Amino acid sequence: MKDQQIHEAMALLRQECRQWPTPSVTVVAQRHRSPFTVLISCIISLRTRDAVTAAASERLFSRAVSPDALVRLTVDEIADLIYPAGFFRVKAGQIRDICCRLLEEYGGTVPDTVEELVRFKGVGRKTANLVVTLGYGKPGICVDIHVHRITNRWGYVATATPDETEMALRRTLPPEYWIEINDLLVSYGQHRCFPTVPACSGCPLALLCSRIGVTRSK
DNA sequence: AAAACGGGGGC
DNA sequence: GCCCCAGTTTT
């Protein structure tokens with residue numbers, strides 16, 4: 001796919017996604033405006049639906065929006081607040097551990113590089129990149145399952161894992177779209193370009209997609 | 001019962 | 001690369 005085509009695709013995506021609500025982690029980040037809340041709600045979102053993530057995040061942040069406030073809660077209290085998110089007990093422990101380390105190693109602030117962020121248990125490249133881009137507004141590409149699936153479905157990249165997709169996009173995607181593409185493709189993946197059976201009929205990107213007519217694909 | 005959730009870790 | 005994690009909602 002050429003640059004000309006990706007410019008067209010992104011313009012169409014922007015237009016199309018306006019009709020759908022903004023993904024919840026982004027909304028939560030905007031409401032509380034902090035790299036810390038992006039980090040925590042991103043951990044909550046692991047293997048958990050968008051609506052559940054939003055509700056759980058709001059419940060937790062109504063009690064604490066900083067590491068020093070959050071460590072005063074016990075693991076059980078945190079677990080109760082983020083229920084019914086998947087793996088809620090494991091995540092509660094991870095969240096509290098991360099808060100402790102943030103206080104001990106970073107004076108209660110959140111580091112702003114992927115390399116530092118992925119040293120925390122429960123934080124991988126997806127979460128780290130979302131903190132960097134959404135939390136700090138710095139260059140980065142957050143590749144979750146939606147970004148991975150859709151860019152491959154387009155034929156824009158040909159990769160086996162989300163991490164490989166991130167590296168491929170860092171080489172080929174114009175920097176002006178780096179921060180934005182996650183929000184757009186999460187929304188598109190939730191409302192049209194579904195995981196198993198995408199709604200290709202009426203898709204504004206149909207002419208740019210290499211899998212036209214394919215109703216079942218990875 | 002099985003698949004799906006905006007993954008991550010360990011091997 | 002594969003398998004496990006440990007929970008709910010949706011089909």
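Note that the structure is a prediction, hence the values are computed from the model and not measured. Just so we're on the same page: letters track the sequence lines, and every chain starts at 1.
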Sugar-phosphate only, base, or nothing, as touched by [X] at under 4.0 Å among non-hydrogen atoms:
{"X": "A:Ile43", "value": "nothing"}
{"X": "A:Thr127", "value": "sugar-phosphate"}
{"X": "A:Tyr188", "value": "nothing"}
{"X": "A:Val123", "value": "sugar-phosphate"}

Checklist entry - Does the pair A:Lys121/A:Asp97 count as a salt bridge with the N-to-O cut at 4.0 Å? => result no
Next on the checklist: If the condition is side chain to side chain donor-acceptor pair (under 3.5 Å), which residues does A:Thr151 pass it with, not counting sequence neighbours?
Outcome noted: none
Next on the checklist: Can a donor-acceptor pair be found, under 3.5 Å and without considering hydrogens, that links the side chain of A:Arg149 to the backbone of A:Cys193?
Outcome noted: yes
Next on the checklist: I'd like to know if the side chain of A:Asp50 reaches the main chain of A:Ser24, judged simply by a donor and an acceptor atom lying under 3.5 Å from each other, with no hydrogens or angles considered.
Outcome noted: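 Yes; at least one donor-acceptor contact below 3.5 Å.
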Item to check | Heavy-atom closest pair, residues A:Arg170 and A:Ile141 | outcome: N-CD1, 3.7 Å
Checklist entry - In terms of side-chain heavy atoms of A:Leu46, which of B:dG6, B:dG8, B:dA4 is nearest? => result B:dG8
Checklist entry - Within the modelled atom types, does a donor on one side and an acceptor on the other bring the side chain of A:Asn182 and the base of B:dG6 under 3.5 Å apart? => result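 Checked by distance alone, the answer is yes.
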Checklist entry - Is the phosphate of B:dG10, meaning OP1 or OP2, less than 4.0 Å from a side-chain N or O of A:Lys121? => result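 Checking A:Lys121 against B:dG10: at least one side-chain N or O falls below 4.0 Å of OP1 or OP2.
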Next on the checklist: For A:His191 and A:Trp20, take the angle between the two ring planes, folded into 0 to 90°, and tell me which bin it lands in: parallel under 30, tilted 30 to 60, perpendicular over 60.
Outcome noted: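 Parallel: the ring planes of A:His191 and A:Trp20 meet at under 30°.
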Checklist entry - Once each nucleotide of nucleotides 4-10 of chain C is scored for protein heavy atoms under 4.0 Å, what B/S/- sequence comes out, 5' to 3'? => result --BBSBS
Taking atom types as modelled, is there a side-chain donor on [X] or [Y] under 3.5 Å from an acceptor on the other?
{"X": "A:Ser66", "Y": "A:Asp68", "answer": "yes"}
{"X": "A:Asp183", "Y": "A:Thr22", "answer": "no"}
{"X": "A:Thr165", "Y": "A:Thr159", "answer": "yes"}

Item to check | Nearest-nucleotide comparison on DNA chain B, the residue closer to the 5′ end among A:Thr53 and A:Gln94 | outcome: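 It is A:Thr53 whose nearest nucleotide is closer to the 5' end.
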Checklist entry - Under a 4.0 Å heavy-atom cut-off, which of residues 162-180 of chain A touch DNA chain B? => result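 Contacting residues: none.
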